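Pasting a structure below so you can have a look.
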Amino acid sequence: MVVKFKIYQPLIMDSSDPPFQETYKVLFKKVANKGPTAPIVVVKERDLPVIDLGRLSLGEEERRGCKLEIARASREWGFFQVLNHGISREILEKMREEQVKVFREPFEKKSREDKYLDFSVGSYRWGTPSATCLRQLSWSEAFHVPLSDIISGTRRCNSTLSSTMEQFAGTVSNLAQKLAEILAEELGHKSTFFMENCLPSTCYLRMNRYPPCPISPNVFGLMPHTDSDFLTILHQDEVGGLQLVKDGEWIAVKPNPDALIINIGDLFQAWSNDVYKSVQHRVVTNLKRDRYSTAYFFCPSYDTMIESCNRPPVYRSFSFREFRRQVQEDVQTLGHKVGLPRFLV
């Protein structure tokens, strides 16, 4: 069913919500003049592969089986869920509680340019500045924070949010290193590459909020994209909304509050020479409920060179800096990310 709306009818927004309608009124007017767009297609909900990492502490046969499952899911899905991941329910619940508190602050306070919460200028993001149509607009807000900000922020102000973020990030950093080493090993490479190049100072934590959207399902919470890192570790709430491409079709990920979601990023696809897959995913909006998630991005330094680990290489060598610059240029000029196809040999 297509949701009809008129631009002159005000959308009821909370003081904490970004001013989507006012800022993107030109895009709303385009739709009002042309008539409603086709809604985002409803897709089937499925469970991701679930892997119990507790098996890595058992006998050799169990450890081997667990590693094979991680590699298989990374090849066939690009996404999987992990249980017994080492992050306590207490930390996850505290992270969510602090996240909700900070997003409930007034928009004017969150969007200040004077280093709100001791994070770098530009850490707070919302909407899609480059959007030229509603389908390019992401109905969401986020704090995209370098881990170096979290560590130094904790030392400076010792706020509950900063200390909770540091606890969360420290634990998932260890998990990311462990998974990266396993994936490299399954390619036949016992590599120190990730330990040497993906440091806490080069990784990011992103707190996401997807406010209720009165014109759902005509707008995405987050546009379809792939992640520009090696690995992403995500904790989502029970609301749901994450969708990904599997076998050429979009599927919805069934929420599992006990699991963390792992997905392969562009850099790992390039490094693995297309063995592991960085797949498109998106977040759909919800008409009535807030959705919260926390993502950890396992990234190298900007100067790190990404080279395919096997021959012949599918992609030419490139630095992370070059990759990010190309992505930003494409988003600005085309309205969407191109990504790895730009770097094919």
Side-chain angles (χ1 to χ4, degrees), residues 48 51 53 56 67 70-71 73-75 77-82 85-87 91-92 95 123 142-151 165-187 189-208 222 225-236 242 244 259-273 275-279 281 293-309 318-324 327 337 339-340:
L48 291 178
I51 299 172
L53 297 185
L56 294 172
K67 291 178 179 180
I70 291 169
S74 299
R75 291 193 307 269
W77 283 77
F79 270 79
F80 56 95
Q81 298 180 96
V82 293
H85 39 65
I87 296 95
I91 291 176
L92 294 176
M95 186 71 231
S123 294
F143 284 96
H144 190 85
V145 187
L147 258 62
S148 54
D149 279 9
I150 296 169
I151 296 167
M165 290 175 75
E166 186 176 27
Q167 278 185 291
F168 179 88
T171 314
V172 293
S173 292
N174 294 334
L175 175 59
Q177 285 286 353
K178 180 189 296 185
L179 292 172
E181 287 172 13
I182 289 171
L183 289 169
E185 183 183 321
E186 293 305 307
L187 291 172
H189 294 270
K190 258 197 163 316
S191 176
T192 59
F193 175 86
F194 300 100
M195 190 68 72
E196 292 169 356
N197 293 286
C198 298
L199 309 173
S201 58
T202 66
C203 298
Y204 294 82
L205 197 65
R206 184 180 178 101
M207 300 184 293
N208 300 300
L222 197 60
H225 66 287
T226 57
D227 288 348
S228 301
D229 59 358
F230 278 107
L231 291 172
T232 302
I233 300 178
L234 178 78
H235 184 246
Q236 64 168 344
L242 176 63
L244 60 94
L260 294 177
I261 294 172
I262 315 294
N263 69 275
I264 300 296
D266 298 335
L267 299 189
F268 225 137
Q269 178 168 327
W271 193 86
S272 70
N273 217 31
V275 174
Y276 302 136
K277 303 302 182 185
S278 176
V279 304
H281 52 286
S293 67
T294 307
Y296 173 86
F297 298 101
F298 189 56
C299 302
S301 68
Y302 286 154
D303 294 327
T304 300
M305 293 301 297
I306 311 301
E307 299 180 349
S308 296
C309 67
F318 57 88
S319 70
F320 186 37
R321 185 188 310 279
E322 182 185 0
F323 187 80
R324 282 182 59 94
V327 167
K337 172 183 172 179
L340 285 176

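Keep in mind that this is a model prediction, so the values were computed, not measured.
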message = I'd like to know whether Gln81 forms a side-chain contact (heavy atoms from CB on, under 4.5 Å) with Ile262, so could you lay out the CA-CA distance, the side-chain angles of the two residues, the decisive distance to 0.1 Å, and finally the verdict.
response = CA-CA 6 Å; Gln81 298 180 96; Ile262 315 294; over 6 Å; no

ask   = Below 4.5 Å, heavy atoms only, C-beta onward: do Leu234 and Leu260 meet side chain to side chain?
value =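 Contact flag for Leu234/Leu260 side chains = no.
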
request  = Identify the two heavy atoms, one from Ser123 and one from Asp149, that lie closest to each other, and give their separation to 0.1 Å.
outcome  =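 Heavy atoms only, the tightest pair is OG-OD2, 4.2 Å.
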
query = CD1 of Ile264 to OH of Tyr276: how many Å apart, nearest 0.5 Å?
reply =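 The distance works out to 7.5 Å.
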
ask   = Ile233 and Val172: which non-hydrogen atoms are nearest, and at how many Å?
value =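 Residues Ile233 and Val172, closest heavy atoms: CD1-O, 3.6 Å.
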
request  = Go through Asn208 and Ser293 one step at a time and tell me if the side chain to side chain donor-acceptor pair (under 3.5 Å) criterion holds.
outcome  = CA-CA 5 Å; Asn208 300 300; Ser293 67; 3.1 Å; yes

query = Can you find a heavy atom in the side chain of Asp303 that is under 4.5 Å from one in the side chain of Ser319?
reply =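 No, side chains not in contact.
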
message = Run Lys337 and Ser228 through side chain to side chain donor-acceptor pair (under 3.5 Å) and show every step you take.
response = CA-CA 10 Å; Lys337 172 183 172 179; Ser228 301; 2.8 Å; yes

ask   = Heavy-atom distance under 4.5 Å between the side chains of Phe230 and Leu183, does that happen here?
value =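 Phe230 vs Leu183: side chains apart.
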
ask   = Is the backbone of Ser278 close enough, under 3.5 Å, to the side chain of Gln269 for a donor and an acceptor to pair up by distance?
value =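 A pair under 3.5 Å: yes.
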
message = Within this structure, what is the CD1-CG distance for the pair Ile306 and Asp266, rounded to the nearest 0.5 Å?
response =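 If I round to the nearest 0.5 Å, the distance is 10.5 Å.
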
ask   = Considering all heavy atoms of both residues, which atom of Ala73 and which atom of Ile51 are nearest to each other, and what is their separation?
value =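 Scanning both residues, the minimum pair turns out to be CB-CD1, 4.4 Å.
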
inquiry  = To check you understand the geometry: which heavy-atom pair defines the closest contact between Glu196 and Leu199, and what is its length?
reply    =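 Smallest heavy-atom distance, with atoms named: O-CD2, 3.8 Å.
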
query = How far apart are the C-alpha atoms of Thr304 and Leu267, what are their side-chain angles, what is the distance that settles it, and do they pass the side-chain contact (heavy atoms from CB on, under 4.5 Å) test?
reply = CA-CA 11 Å; Thr304 300; Leu267 299 189; over 6 Å; no

message = So, using side chain to side chain contact (heavy atoms under 4.5 Å, CB included) as the criterion, who are the partners of Gln177 when residues are at least two apart?
response =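 Side chain to side chain contact (heavy atoms under 4.5 Å, CB included) check on Gln177 returns Glu181, Phe194, Met195, Cys198, Phe298.
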
query = Roughly how far, to the nearest 0.5 Å, is the OG atom of Ser74 from the CZ atom of Phe79?
reply =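 Interatomic distance, Phe79 CZ to Ser74 OG, rounded to 0.5 Å: 11.0 Å.
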
ask   = Say you draw a straight line from CH2 of Trp271 to CE of Met305; how long is it, rounded to the nearest 0.5 Å?
value =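 Between Trp271 CH2 and Met305 CE, I get 15.0 Å after rounding to 0.5 Å.
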
inquiry  = Using modelled atom types and a 3.5 Å cut-off, is there a donor and acceptor pairing between side-chain atoms of Ser272 and backbone atoms of Phe268?
reply    =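 Checking the backbone N and O of Phe268 against the side chain of Ser272, a donor-acceptor pair under 3.5 Å is found.
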
task = Decide side chain to side chain donor-acceptor pair (under 3.5 Å) for Ser173 and Tyr296; before the verdict, give the C-alpha distance in whole Å, the side-chain angles of both, and the deciding distance to 0.1 Å.
result = CA-CA 8 Å; Ser173 292; Tyr296 173 86; 2.9 Å; yes

ask   = Can you list the residues that meet the side-chain hydrogen bond (donor to acceptor under 3.5 Å, both in side chains) rule with His144, with sequence neighbours excluded?
value =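 Arg206.
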
ask   = Passes side-chain contact (heavy atoms from CB on, under 4.5 Å), Lys178 versus Leu56? Steps please.
value = CA-CA 10 Å; Lys178 180 189 296 185; Leu56 294 172; 3.9 Å; yes

ask   = Hey, are the side chains of Phe168 and Ile91 touching, using non-hydrogen atoms and a 4.5 Å cut-off?
value =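 A side-chain contact under 4.5 Å exists here.
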
query = How close do Thr232 and Ala295 get, heavy atom to heavy atom, and via which atoms?
reply =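 The pair with the smallest heavy-atom distance is CG2-CB, 4.2 Å.
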
message = Are the side chains of Asn263 and His281 in contact, using a 4.5 Å heavy-atom criterion?
response =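 Yes - at least one pair of side-chain heavy atoms lies under 4.5 Å apart.
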
query = Atom NE2 of His189 and atom SG of Cys309: how far apart are they, to the nearest 0.5 Å?
reply =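 So the gap between those two atoms works out to 4.0 Å.
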
request  = Taking side chain to side chain contact (heavy atoms under 4.5 Å, CB included) as the test, write out the residues that go with Glu185, two or more places apart.
outcome  =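 Testing Glu185 for side chain to side chain contact (heavy atoms under 4.5 Å, CB included), a comparison that skips the adjacent residues, returns Lys67, Lys190.
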
ask   = Is the side chain of Ser201 donor-acceptor paired with the backbone N or O of Ser148 at a distance under 3.5 Å, no angle test?
value =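 Pair absent, no side-chain N/O of Ser201 close to backbone of Ser148.
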
ask   = Do Met95 and Leu92 come close enough that some side-chain heavy atom pair is under 4.5 Å?
value =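 Sidechains of Leu92 and Met95: no contact.
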
Close side-chain approach of Tyr204 to Val145, heavy-atom, < 4.5 Å =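 Result no, sub-4.5 Å side-chain heavy-atom pair not found.
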
task = Identify the two heavy atoms, one from Leu340 and one from Phe323, that lie closest to each other, and give their separation to 0.1 Å.
result =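 Nearest heavy atoms, Leu340 then Phe323: CD2-CE1, 3.9 Å.
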
inquiry  = I'd like to check Thr226 versus Val279 (side-chain heavy atoms, cut-off strictly below 4.5 Å). Are they in contact?
reply    =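 Result no, sub-4.5 Å side-chain heavy-atom pair not found.
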
query = Once you round to the nearest 0.5 Å, how far does CG of Asp229 lie from SG of Cys299?
reply =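 The SG atom of Cys299 is 5.0 Å from CG of Asp229, to the nearest 0.5 Å.
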
